[in-house]
Amino acid sequence: MSDRWRSSGCVLASSMPLSLWGGLDPASGRVIDRHHPLFGEFVGDRVLSFPMAAARAPAPGSQGSFYLDDAVREMAAIAWALEKERGAVRATAFRDRIGTGCKLAIQILEFFDRVGFTRRIGDERWIRRADFWDA
């Protein structure tokens, strides 16, 4: 195994995955998701361990970007709201609404395309099924 994937330090284990989008404050290094069992814990200089089976990755090549189902549902609701407000979902509006960079916003939208939540035509996306995440 490459040294790139090795780490050392005290393990901070959790029974739940942690969303790195809204679950962790990068400035303080503390878990800020009030519903997470590690709420308030400092994760700096520690190896975070959690089950990956319950996490979703928005796109291949986005290592480190895993989201709890609740976060995916929240981003889907944002996309749905953008379509209702503007007639379609555009990457720049989605990026601005979720507060990330363009590259990550596009990876998330491409994930939505792959799973069938959205359909891309040109630079716009339309919601295929508003109840997609309720199933």
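Please read these numbers as outputs of a predicted model, since none were measured by experiment.
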Which heavy atom of [X] sits nearest a heavy atom of [Y], and at what distance?
X    : Y   : answer
A93  : R86 : CB-NH1, 3.4 Å
L38  : S14 : CD1-CB, 3.6 Å
F117 : A79 : CE2-CB, 4.3 Å

4.5 Å side-chain heavy-atom contact, [X] and [Y]:
X    : Y    : answer
L82  : F94  : yes
R120 : L109 : no
E85  : R97  : yes

For a side-chain contact (heavy atoms from CB on, under 4.5 Å) check, start with the C-alpha distance between V72 and F112, then their side-chain angles and the critical distance, and finish with the verdict.
CA-CA 9 Å; V72 175; F112 287 158; 4.0 Å; yes
Distance (rounded to the nearest 0.5 Å) between I121 CD1 and R119 CZ:
4.0 Å
Look up atom CZ in R90 and atom CG in D123, then write down how far apart they are to the nearest 0.5 Å.
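Rounded to the nearest 0.5 Å, the CZ-CG separation comes to 5.0 Å.
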Residue list, salt bridge (Lys or Arg N to Asp or Glu O under 4.0 Å) with D113, at least two apart or on another chain
R125
Please step through side-chain contact (heavy atoms from CB on, under 4.5 Å) for the pair K84 and W80, ending with a clear verdict.
CA-CA 6 Å; K84 284 177 59 179; W80 189 66; 3.6 Å; yes
Is there a path of hydrophobic side-chain contacts, each under 4.5 Å between heavy atoms, that joins I106 and V89?
no
